[in-house]
Amino acid sequence: MNVINARLRGRPGLFRIELNGAAIAAIVPQPDVVAPGAADDLDAAQNLVVPPFVEPHIHLDATLTAGEPEWNMSGTLFEGIERWAQRKETTTHDDIKARAKKTIDMLVDHGIQHVRTHVDVTEPGLVALKAMVEVREDVRHLVDLQIVAFPQEGIESYPNGRALMTEAIAIGADVVGGIPHFENTREQGVASLKFLMDLAERSGCLVDVHCDETDDPQSRFLEVLAEEARVRQMGPRVTASHTVAMGSYDNAYCSKLFRLLKRSGINFVSCPTESIHLQGRFDNYPKRRGVTRVAEIDRAGMNVCFGQDSIVDPWYPLGNGNILRILEAGLHICHMLGYEDLQRCLDLITENSARTLNLGERYGIEVGRPANLLLLSAPDDYEMVRSQGHALVSIRHGEVLMRRTPAQVHRRG
Ligand SMILES: [Zn+2]
């Protein structure tokens, strides 16, 4: 299969991308627009061709459960955790698999082929984790799934928390998670980080911690995570998710913190729609946005990307799998609608996310890499966001996985 009349990000002109089986065989500059020749030519129509979108932060075990058995009436993160604890009592292996697969279909419909899901392991039977390990195999033809062992109710604060985390990694989780700001005390938060970094170092797993997901400016576990990563030289394998307290840190502390963050080399995930919904709930006016410093992290040369976090769960009632919706909202929320940000904003849901997931040479439009790519509906990043564009075709392992027909408008002449 060949993709013709393709634009590539950061390279002028048009290209023909030749796919040979499951790999990209050649990328050939085209002097002019060409008409489709062979029956299996796909015409990009002078629009962008990019590697697949990435979902770096979602909770597939919790999706599609909002209102079961009760709605989150306060809209706070902590009531969400309470509502989820109720729903968790009725989850079954089959229930989790069915909802996860339904959600993955929603992600695939929007051009996502790489997913990192957090899975709650604060449950003695590890039912969700065992189900998700099966889902990871069942959906290999659709997405590459990374599973985070996520201690929703704490490692130190939950009975047998350490043993459950260790068992989850032994069963097959790819990534070690954490939630230090939820632990009962600051000391427990610090101890949980040292424990989970030891576990990751021992097992060779990646790390992704829900870190400082609170408006409390005294929540300062990010410095502990970054220092652990720096000392162990694990930074590129470590991710700090949310870090929304950073939006409430004062600038003097943050300028010191950024020195450490840069030296640590860790990655950041922001879930801007989720955070602006859950945070700021204890404020009168002026009301904080409750998101991390995405633009500042990016401008300091560090790696940051956007995730959806929830789709219709106890924490967030909306969502449809479309990561472009998160990108558009995030650019607004994070003050990133400047000209230069708009020129390269797709980085926040493609290249930066792939780096967070440590995808390496399994990702990107380069000869020899997997034939996984998207045909988009616009010629550049700016126009893609402005027009609220879509992924029109998703190709995986050299075959069409999803094809979207844009809605047509008929206007009276
Ligand atoms: Zn999360």
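Only heavy atoms go into these numbers, but all of them, side chains included; no hydrogens, no water, no symmetry mates. Start at 1 and go down the list; that is how both ligands and their atoms are numbered. No experiment lies behind these values; they were computed from the predicted model shown.
Residue contact annotation: His210 places an N/O/S atom under 2.8 Å from the Zn ion (ligand 1). For residue His118, no N/O/S atom approaches the Zn ion (ligand 1) to within less than 2.8 Å. The nearest N, O or S atom of Glu213 is not closer to the Zn ion (ligand 1) than 2.8 Å.
The aromatic rings of Trp84 and Trp315 sit tilted, their planes meeting at an angle between 30° and 60°.
The atom name of the N/O/S atom in Asp309 closest to the Zn ion (ligand 1) is OD1.
Evaluated for a side chain to side chain donor-acceptor pair (under 3.5 Å) with His57, the options Asp208, Thr239, Thr117, Asp309 yield exactly one hit, Asp309.
Proximity of the aromatic rings of His59 and His210 is defined here by a centroid distance below 6.0 angstrom, and this criterion is met.
Side chain of Asn72 to backbone of Tyr316: no donor-acceptor contact under 3.5 angstrom is found.
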